Each structure stands twice: as structure tokens, then as C-alpha cells.
Number of protein chains: 2
Amino acid sequence: MRKENSTNSINERYLHKKCALNVAIDIIGVRWASQIIFSISQGVNRFHLLKEELPNISEQVLSRKLKILEKQKIIIKTIIPDSTPIGVRYILTSRGEDLLPIFENICEWGKSYSLDFEN
Amino acid sequence: MRKENSTNSINERYLHKKCALNVAIDIIGVRWASQIIFSISQGVNRFHLLKEELPNISEQVLSRKLKILEKQKIIIKTIIPDSTPIGVRYILTSRGEDLLPIFENICEWGKSYSLDFEN
DNA sequence: ACAATAACTAACAAAATTGTGAGCTATAAA
DNA sequence: TTTATAGCTCACAATTTTGTTAGTTATTGT
């Protein structure tokens, strides 16, 4: 899937090495990721709930994004005991929770930005 | 270039409307953008200096990114008077400067993240 | 037996971002 | 007059991300 030797990949690695800012940006900067993390923090923490909350996301895309966030240790997938059909709940790790105050700041910045442009 | 009626565009608009967090993320989350803003804040504020600092970026890509940041009113392009060949200097707007403390936080988060993964 | 629900997955296609190669303008120094 | 520097722009191609369609498993309720 990913070509390790494309300029694209080389540039990605270059930026990651240059500054951890770029590492973080590549995690939170992809579509849906920040919104999913925020939604989970608000209690929208199950597959079908996220599907309702984000009506335009397909199941395959949601599944993919959750899997990536899990691999990045930002969320943990837990099985709800004694549930049928089997229930899954996603919770934030402490690393995931550390993002929430940052999101607050980014959001504030975004609001003042939107004021100028969307109106 | 951009298809206004693709699901991709519709989803983008949906997320922007849902929360300004997603507006901001779409600005700072594209390749090179955050690094360029940070570099300019450090005095690497001319076209050729940025080219040196980021050896893997092509002139066309750098030019494109600067133009977008200018349109977003994050940087301002100023002509250096009485310079030959004509010199250009990029400076951050106050909106651009407001990003710097946020970048600090994101960077800190990225560092602790990298500790777990890159080593 | 059949539909419904939760939570996926695989193969594929479309769209968007990112990068390439060549060329341009203007000025000045060698 | 050729070369160098600063700062670009164009048309195009490669790569990556994002979205689509059609399934699957397992269990419960009807």
C-alpha cells in the first residue's frame, strides 16, 4: 500500500525526524480522527453510536479509523461483558485524553478563523 | 480541481459545520503547513531560506503552500524595498502567531508519543 | 426459519494531495 | 554576453487518502 521509497514517504519521515510536531499533526490531521476522539470523550463510544453521530461516514471507513487509533494507542477497544450481540466500547487512553485540552485550543483558534471566512 | 459534490467535499463541509476543530485541523493538518509556519516564526522567512531549511520540498510545492497560507491570512507576503533581485519576506499575522503556543502543546504531545513508538 | 442488530472485512474505485520537469522574469555581477 | 540569484508558474504524473458495494459472524427475538 505505502511505497517506502516514494518522495512522499521520504518527506513524511523527514518531517517526523525534524520535529515531533509533524508526528502529531499526521495523527490528528487525517479526516475523522479528531472528531472521533472527541466524540468518544463525550460518551459516543460505541460503533453504532459513532455511526449515528457521523451519518456520512461509512462503516468501512469508521472501522478503519478506529483500528488506526487503536494501533496508535489513543483508544482502547473493550468488549462489553455478557452483551448480545457482542458489544464493543471504545475508551480513550491517557494519551488520548491528553489531546482533549489541545483540541479545545485548536477549536478556539478555528472559531475565530471561521468568523472571518464563513461570514 | 475540487469536486463540490463528491462525498469527500460533502463530508468536509459536514465536519466544518459540526465543529471549528475540524476547520482548524484542515488548515494545520496538511503536509508542510505547520512546519512552514513554525519556520517563519523562527526567522526562516524568505523563499530561498525555506528552500534551504526544507531541502526535500520542491519550489512549486513551497510556492503553493505559501499561497494557501496567505489566502488563509496566516502569513503576509511583503516585498523587501530596494532589493535586487526583488526580495520577498513572509511574516505571520496575529492569527498565525496565535498558532505558536498551540504548536508547542501539540509538539509536546508528539514527543511523548514518539518515545513509545520510534524507539 | 427468518429478520434484526452489532460489529465488522475485503476488493475495488474515485478523489484529493503531493511531487516532477521544465520554463519564466528581472536584475546585476563577471 | 553569459551566469547567477530570487521568486515564482504551468501542465502533468505518482501516490495516498477517502469512499463504495457487497459481503461476513454471531446472537436474539418473532
Side-chain angles (χ1 to χ4, degrees), chain A residues 1-15 22 25-33 35-36 40 44-70 75 77-90, chain B residues 1-15 22 25-36 44-70 75 77-90:
Chain A
M1 352 206 118
R2 201 127 223 283
K3 303 211 169 174
E4 286 299 311
N5 272 59
S6 63
T7 306
N8 193 305
S9 287
I10 291 167
N11 282 346
E12 181 178 79
R13 284 196 294 275
Y14 169 80
L15 285 166
N22 297 306
I25 285 288
D26 277 357
I27 293 168
I28 64 175
V30 298
R31 180 156 297 173
W32 303 111
Q35 182 60 53
I36 288 171
I40 289 174
V44 184
N45 55 10
R46 298 191 53 178
F47 197 88
H48 67 282
L49 294 176
L50 286 162
K51 236 170 47 178
E52 278 172 47
E53 168 101 340
L54 310 170
N56 291 300
I57 200 172
S58 75
E59 298 195 344
Q60 140 71 286
V61 171
L62 177 56
S63 167
R64 217 152 54 194
K65 297 294 174 178
L66 288 167
K67 204 164 288 181
I68 291 167
L69 290 172
E70 213 193 331
I75 62 175
K77 172 176 162 177
T78 60
I79 305 293
I80 301 170
D82 309 320
S83 56
T84 48
I86 201 161
V88 165
R89 174 167 291 133
Y90 294 95
Chain B
M1 350 208 121
R2 201 127 223 286
K3 303 213 169 172
E4 285 299 311
N5 270 59
S6 62
T7 306
N8 193 304
S9 287
I10 292 167
N11 282 347
E12 181 178 78
R13 287 196 294 275
Y14 169 80
L15 285 167
N22 298 308
I25 286 288
D26 277 357
I27 293 168
I28 63 174
V30 299
R31 181 158 296 174
W32 304 110
S34 296
Q35 182 60 54
I36 289 171
V44 184
N45 56 10
R46 298 190 53 177
F47 198 87
H48 67 282
L49 294 177
L50 286 161
K51 235 170 47 176
E52 279 171 48
E53 167 102 340
L54 310 170
N56 291 300
I57 200 171
S58 75
E59 298 194 343
Q60 140 72 291
V61 171
L62 177 56
S63 169
R64 219 152 56 195
K65 296 294 173 177
L66 287 167
K67 204 163 286 179
I68 291 167
L69 291 172
E70 212 192 332
I75 63 175
K77 171 175 161 176
T78 60
I79 305 293
I80 301 170
D82 308 319
S83 55
T84 48
I86 200 161
V88 165
R89 174 167 291 134
Y90 294 95

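Every heavy atom of this structure was used, including side-chain atoms; hydrogens, water molecules and symmetry mates were not. In what follows, chains carry the letters A, B, and so on, assigned in the order in which the sequence lines appear, proteins first and then strands, with residues in each chain numbered from 1. All values reported here derive from a predicted model rather than from experimental measurement.
Less than 4.0 Å separates DNA chain C from at least one heavy atom of each of the following residues of residues 50-62 of chain A: Glu59(A), Gln60(A).
Smallest separation of non-hydrogen atoms from Ile25(B) and Gly29(A): CG2-CA, 3.9 Å. In this structure, Asn22(B) and Leu15(B) approach most closely via the heavy-atom pair ND2-O, 3.1 Å. Nearest heavy atom pair, residue Ile27(A) against residue Val30(A), reads O-CG2, 3.7 Å. For the pair Tyr90(A) and Phe47(A), the tightest heavy-atom approach, listed with the atom from each and the gap, is CE1-N, 4.4 Å. Residues Ile79(A) and Val88(A) share a closest heavy-atom pair of CD1-CG2, 4.0 Å.
Heavy-atom nearest nucleotides on DNA chain C were determined for Val88(A) and for Arg64(A), and the one closer to the 5' end corresponds to Val88(A). When each of Glu12(B) and Thr7(A) is assigned the nucleotide of DNA chain D bearing its nearest heavy atom, the one mapping closer to the 5' terminus is Thr7(A).
Other residues, nucleotides and ligands contribute only 12 or fewer heavy atoms inside 6.0 Å of the CD1 atom of Ile86(B).
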* To do: Decide yes or no on side chain to side chain contact (heavy atoms under 4.5 Å, CB included) for Ile36(A) and Leu54(A), but give the supporting numbers first.
  => CA-CA 9 Å; Ile36(A) 288 171; Leu54(A) 310 170; 4.0 Å; yes
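Within the model, atoms CD1 of Ile75(A) and NZ of Lys67(A) stand 11.0 Å from one another, a figure rounded to the nearest 0.5 Å. In this structure, CG in Asn45(A) is found 8.0 Å from OG1 in Thr78(A), a value given to the nearest 0.5 Å. The CH2 atom of Trp32(B) sits 13.5 Å away from atom CG of Leu69(B), with the distance rounded to the nearest 0.5 Å.
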For a quick test of your reading: what N or O donor-acceptor pairs under 3.5 Å do the side chains of residues 56-66 of chain B make, sequence neighbours left out?
unit_1, atom_1, unit_2, atom_2, d
Ser58(B), OG, Val61(B), N, 3.2
Glu59(B), OE2, Lys51(B), NZ, 2.6
Lys65(B), NZ, Arg31(B), O, 3.4

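Nucleotides of DNA chain C lying under 4.0 Å from heavy atoms of chain B occupy a range whose first and last members, 5' to 3', are dA15(C) to dA28(C). Of all nucleotides in DNA chain D, those with any atom nearer than 4.0 Å to a heavy atom of chain A start and finish, going 5' to 3', at dT15(D) to dT28(D).
Using a 4.5 Å heavy-atom threshold, the side chains of Asn8(B) and Lys3(B) count as separate.
Among the protein residues, Ser6(A) comes within range of the sugar-phosphate backbone only, with heavy atoms under 4.0 Å from sugar or phosphate atoms but none that close to a base.
In DNA chain C, consecutive stretches of 3 or more Watson-Crick or G-U wobble pairs with both distances under 3.5 Å are given as paired ranges: C:1-30 with D:1-30.
Checked against side chain to side chain donor-acceptor pair (under 3.5 Å), Arg13(A) has the following partners two or more places apart in sequence or in another chain: Glu4(A).
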